[in-house]
Colleague: 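For reference, the structure I am asking about is given below.
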Amino acid sequence: QVQVVESGGGLVQPGGSLRLSCAASVRFFSAYNMGWYRQAPGKQRELVARITNIGITNYADSVKGRFTISRDNAENTVYLQMNNLKPEDTAVYYCNTGTWDWGQGTQVTVSS
């Protein structure tokens, strides 16, 4: 069973930055396409950033130009650098392939 552990969330003021990390306990991590998802209260979970096994990235329009996804296959870790954060980015953030069991996520709150 794959386990993912997300970390790095917190409370930040609008315009601030955070870097999220996700460690996955899985063999052949480098073979997986990975995504960062988020779920705000009362809303459905949405995909915000994705990185393929060969490093191709794509982003939701709402975060394009502000968020950067990256990966370190040697550490079985995927990152999400979030800059110029906005209150509407407030959510629980998860990493996943889309098919694994979901982890606990990490809370990001953007508020003054």
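The structure presented is a predicted model; accordingly, all values stated were derived computationally and were not measured. In this chain, residues are counted from 1 in sequence order.
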Colleague: For Thr97 and Thr99, does a side-chain donor sit closer than 3.5 Å to a side-chain acceptor?
Modeller: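 On atom types as modelled, these side chains qualify, holding a pair under 3.5 Å.
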Colleague: What do the steps show when you test Lys64 against Asp61 for salt bridge (charged side-chain N to carboxylate O under 4.0 Å, His left out), and what is the final call?
Modeller: CA-CA 5 Å; Lys64 202 171 292 183; Asp61 287 344; 3.1 Å; yes
Colleague: Who passes ring pair (Phe, Tyr, Trp, His ring centres under 6.0 Å) against Tyr94, sequence neighbours left out?
Modeller: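 Ring pair (Phe, Tyr, Trp, His ring centres under 6.0 Å) check on Tyr94 returns Trp102.
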Colleague: Using modelled atom types and a 3.5 Å cut-off, is there a donor and acceptor pairing between side-chain atoms of Tyr93 and backbone atoms of Leu80?
Modeller: no
Colleague: What residues form a side chain to side chain donor-acceptor pair (under 3.5 Å) with Arg71, not counting sequence neighbours?
Modeller: Asn73
Colleague: Look at the side chain of Ser25 and the backbone N and O of Gln3, then say whether any donor-acceptor pair between them is shorter than 3.5 Å.
Modeller: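 Checked: pair present.
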Colleague: Do Tyr32 and Trp100 make the cut of ring centroids closer than 6.0 angstrom?
Modeller: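 Yes, the ring centres sit under 6.0 Å apart.
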Colleague: Would a 4.5 Å heavy-atom cut-off, applied to side chains only, mark Asp101 and Val2 as touching?
Modeller: no
Colleague: Is a donor on one side and an acceptor on the other found under 3.5 Å between the side chain of Trp36 and the backbone of Ile51?
Modeller: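 Side chain of Trp36 to backbone of Ile51, a donor-acceptor pair under 3.5 Å: no, none is there.
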Colleague: Got more than 12 heavy atoms from elsewhere within 6.0 Å of CD, Glu46?
Modeller: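 Counting other residues, nucleotides and ligands, CD of Glu46 exceeds 12 neighbours.
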Colleague: Report yes if some heavy atom in the side chain of Val63 is under 4.5 Å from a heavy atom in the side chain of Arg38; otherwise report no.
Modeller: yes
Colleague: Side chain of Thr90, backbone of Glu88: donor and acceptor closer than 3.5 Å?
Modeller: no
Colleague: Could you tell me which non-hydrogen atom of Ser112 sits nearest to which non-hydrogen atom of Pro14, and how far apart they are?
Modeller: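 Answer, listing the atom of Ser112 first, then Pro14: N-CD, 3.7 Å.
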Colleague: Going by atom types alone, do Thr52 and Asn33 pair a side-chain donor with an acceptor below 3.5 Å?
Modeller: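 Side-chain D/A pair, Thr52 to Asn33: absent.
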Colleague: State the CG-OG1 distance between Leu85 and Thr109, to the nearest 0.5 angstrom.
Modeller: 10.5 Å
Colleague: Drop me the distance from Ser17's OG to Gln81's CD, to the nearest 0.5 angstrom.
Modeller: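 Answer rounded to 0.5 Å: 6.0 Å.
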Colleague: Would Tyr79 end up clustered with Val12 when hydrophobic side chains under 4.5 Å apart are linked, directly or stepwise?
Modeller: no
Colleague: To the nearest 0.5 angstrom, please state how far the CG atom of Asp72 sits from the OG atom of Ser30.
Modeller: 11.0 Å
Colleague: If we ignore angles and hydrogens, is there a donor and acceptor under 3.5 Å between the side chains of Arg45 and Tyr37?
Modeller: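 Looking only at side-chain atoms, Tyr37 and Arg45 do not form any donor-acceptor pair under 3.5 Å.
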Colleague: Keeping Arg50 on the side-chain end and Asn58 on the backbone end, is there a donor-acceptor pair under 3.5 Å?
Modeller: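 Not at all, since once roles are kept as given, no pair shorter than 3.5 Å links the two residues.
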Colleague: Give a yes or no answer on whether the side chain of Thr106 reaches the backbone of Gly9 with a donor-acceptor pair at less than 3.5 Å.
Modeller: yes
Colleague: In Å and rounded to the nearest 0.5 Å, what is the OG to CD distance from Ser7 to Gln104?
Modeller: 13.0 Å
